[in-house]
There are 2 protein chains.
Amino acid sequence: MQKKVRIIDIAKMAGVSKGTVDRVLHNRGNVSETARIAIEHVLDEVNYKPNIHVSAISLKRSYKIIVTTPEVSLGAYWESIHNGIRHALEEYENVKIELQIFTYNQYDIYSCRQTFEKIAGFEMDALIIGPTFPEETINLCKKMDDRDIPYIFVDSTIDSTAPLAFYSADHYVCGFMMAKLITSIIPDHANIAIFQAVRTGDKSANTTVLRKKGFTDYLENNRCSNLILTIPFSVTEPEDNEMYLSRLFQSQREVPAIVVLNSRGNFIADYLETNHIKGVRMICMDLTAANVEALKKGQIDYLIGQEPEYQGFSSMKTLLEYLIFKSPVKKQNYVQLDIITRENVVFYKRFNNTVY
Amino acid sequence: MQKKVRIIDIAKMAGVSKGTVDRVLHNRGNVSETARIAIEHVLDEVNYKPNIHVSAISLKRSYKIIVTTPEVSLGAYWESIHNGIRHALEEYENVKIELQIFTYNQYDIYSCRQTFEKIAGFEMDALIIGPTFPEETINLCKKMDDRDIPYIFVDSTIDSTAPLAFYSADHYVCGFMMAKLITSIIPDHANIAIFQAVRTGDKSANTTVLRKKGFTDYLENNRCSNLILTIPFSVTEPEDNEMYLSRLFQSQREVPAIVVLNSRGNFIADYLETNHIKGVRMICMDLTAANVEALKKGQIDYLIGQEPEYQGFSSMKTLLEYLIFKSPVKKQNYVQLDIITRENVVFYKRFNNTVY
DNA sequence: AATAATTATGTGTTCGTGCACAAATATACA
DNA sequence: TGTATATTTGTGCACGAACACATAATTATT
């Protein structure tokens, strides 16, 4: 147990004053080559870790951080991510942070484009992005790269970008696992209906594509002969869904299994309930309030959780520690894929009853 | 956003000095009735929250904490709990904590009794208990109650005690869920072998009894007609297990499903592998290193995780915040029951790759 | 009433970092 | 060489809680 090394200790060892050490530690410039090398030499020797508590007190400057994600609705997926972000800020209540949030319609590529173009012009120290459309996201990221502004992804990551880090589920594995779970509770060869969201201006989002690929790959690898029916599902024009659903269930085919690749599983569950359709097994994404209710009622058999609070929390925390303490950052962060049933759902914590 | 209230602000409002406020906040005594009431009045008005960073720096006194749990072996369940405890201490590195750890043999009631009697006589500020045998634990807790020493349970809680808090899985639900999961992947009416640990001086531990009850209740509730074979399993005399296992598999009965109610599932998996017994589905407890390996190899189908790192971490963190800041404590803390398969196991984080 | 003992209250120091500002040194240019 | 400017370095203060210690006020004792 070696004694704590302080800035003043390093200064003495390097034969300079604490101010110079501080300038080196924080890359503030105005340090002679000689002094810098001497200090860096000492820093290599000793394992200096700033006392985070003292740092927290002494911090004077403020940071401006922008967050952009799909729109937040009550009890839904993106609300959990935003809760996580807010929770991280509470941990750093003494740090002066100016937070600006811009949301876009995740079912409309034009809304996303417009929002991202607006954001690109703003002053900021860092950016958190919840991406949906690859092309638009890449454009925004390029501008950030040019301006040397760090950004972190939540929910999913986008190729051809250079984020400081990302927090995301492995959506391919997610789809793979959904296939394994649903096939374990339905008869062999049973038909499976897959619901996918319809979007304006773009066929489909990042995450859904990957999940679908994982799903079909599982069936292929395991030589499952289930017939897969892909059904469109519109969030923006919900009146269309009645039609899709009634067409599905009025056909001759039995549909004993439903898979929803996004967090809107409760919509389908509601339809089944109002139309008294029984005996359908369902697997869906995310512990939204409505999904949890449907799970508890037995309408949904499995929910897959992807730690949205943790994603939001970690992305903000990572960003702040990077900005303030220049802490090293782990780039790839794949979050847990929690398998939730009506039995274990009550133990899954949110920030209202626990603290990460 | 109201401005932060400091001790000195409270002092001014109450017309006293900061020293007196400090004495009231920390119950240090030597305060006149008049002053105490004035200060308490102000404290009711304003929402004073000490700046935890400054508190952390200024702390001078030290705390002695004793931890007693079953013995820790490498890569096993209790090691994770201890890792969690250590991790909490790292967060409070500036607090002077004297930690003493006493482990006992969880398969031998006499070892537990001896350890607990020794501990009962020691000086300490608080105690963390990983209980196994109810009777012995109650005795220890009574002595702690008399001495006004707070204690927290990890892994399970014991009736007729008054802990400050407990962090535990709901073991009944755990058994219930294991029954649901295993029956979903085996044919109806298939036989199920349940393995239970043998203990010296006591029929069985706290947790196993509850899990067994949950398991059988699920089968009963759902009118499952599976034949249940309860098999003893000795950790202390492993040479007996060969005998139990060979007797099981050489009988006429098919055994397509195995349930292990503790974390030693890998032992059974190994036996199956060396004896080339195939087609057995298995569900077991805990992400021990050996179990995870067996899961990845496909020998185990489901593992149930119970957040051991989080349990250890939270119990120590709760204790410290209670001791140092007199923070209010949530007593009942049921942890997640994670359903783990070979697909999602890689995403479950330990402290080596993430920070809660 | 005078002194001792007890209790109550106020003051000052400590912790280590972040940063502002002053001081010192080096470089540029006439 | 002297002055102006730029660069480098050192010093000092603030942050706010915890506690040690000194001083003031009250109560007990002779």
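Quick note on labels: first sequence line is chain A, next is B, and so on, each numbered from 1.
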- Query: What string of B, S and - do you get for nucleotides 23-28 of chain C, 5' to 3', if B is base contact, S is sugar-phosphate-only contact and - is no contact with any protein heavy atom under 4.0 Å?
  - Reply: ------
According to the interplanar angle, ranging from 0 to 90°, do the rings of [X] and [Y] count as parallel (below 30°), tilted (30 to 60°) or perpendicular (above 60°)?
X	Y	result
Tyr334(B)	Phe166(B)	perpendicular
His53(B)	His53(A)	tilted
Tyr104(A)	Phe116(A)	perpendicular

Polar atoms only, N or O, under 3.5 Å: list the protein pairs with nucleotides 21-23 of chain D and their distances.
none

- Task: Please confirm whether the backbone N or O of Val154(B) pairs with a side-chain atom of Gln311(B), one donor and one acceptor, at under 3.5 Å?
- Result: no
- Check: Thr103(B) main-chain N/O paired with Glu71(B) side-chain donor or acceptor under 3.5 Å: no
- Query: Aromatic ring centroids of Tyr167(B) and Phe313(B) under 6.0 Å?
  - Reply: no
- Spacing of Ile52(B) atom CD1 relative to dA18(D) atom C1', expressed in whole Å: 16 Å
- His53(A) NE2 to dA18(D) C1': how many Å, rounded? 15 Å
- Message: Taking the side chain as everything from C-beta on, heavy atoms only, tell me whether Glu91(A) gets closer than 4.5 Å to Leu320(A).
- Response: no
Sort me out a list of protein N/O and nucleotides 14-17 of chain D N/O pairs below 3.5 Å, or just none if empty.
| residue | atom | partner | partner atom | Å |
| --- | --- | --- | --- | --- |
| dG16(D) | N2 | Ser58(B) | OG | 3.3 |
| dA17(D) | OP1 | Tyr48(B) | OH | 3.2 |
| dA17(D) | OP2 | Ile7(B) | N | 2.9 |
| dA17(D) | O5' | Tyr48(B) | OH | 3.3 |
| dA17(D) | O3' | Ser55(B) | OG | 3.1 |
| dA17(D) | N3 | Ser58(B) | OG | 2.7 |

- Item | Strand-adjacent residues in residues 27-36 of chain B, judged by heavy atoms under 4.0 Å from DNA chain C | Asn30(B), Val31(B), Ser32(B), Ala35(B)
- Task: Report the residues that fulfil side-chain hydrogen bond (donor to acceptor under 3.5 Å, both in side chains) with Asp125(B), sequence neighbours left out, ordered by chain and then residue number.
- Result: Arg61(B)
- Query: Can Asp9(B) and Arg6(B) be said to form a salt bridge (Lys or Arg N to Asp or Glu O under 4.0 Å), step by step?
  - Reply: CA-CA 5 Å; Asp9(B) 299 322; Arg6(B) 298 160 302 166; 3.0 Å; yes
- Query: When you look at CG of Asp146(A), are more than 12 heavy atoms from neighbouring residues, nucleotides or ligands closer to it than 6.0 Å?
  - Reply: yes
- For Lys142(B), does the NZ atom sit with more than 12 other heavy atoms under 6.0 Å from it, leaving out its own atoms? no
- Given dT9(D), dG18(C), dG10(C), which nucleotide is nearest the side-chain atoms of Leu59(A)? dG18(C)
- Task: Can you see which heavy atom on Leu323(B) is nearest to which on Tyr63(B), and at what distance?
- Result: O-OH, 3.6 Å
- Note on the structure: Of Ile324(A) and Gly19(B), the one whose closest nucleotide on DNA chain C sits nearer the 5' end is Gly19(B)
Please list, one pair per line, the donor and acceptor atoms closer than 3.5 Å that link side chains of residues 36-43 of chain A to other protein atoms, with sequence neighbours excluded.
| residue | atom | partner | partner atom | Å |
| --- | --- | --- | --- | --- |
| Arg36(A) | NE | Glu40(A) | OE2 | 3.4 |
| Arg36(A) | NH1 | Glu33(A) | OE1 | 3.1 |

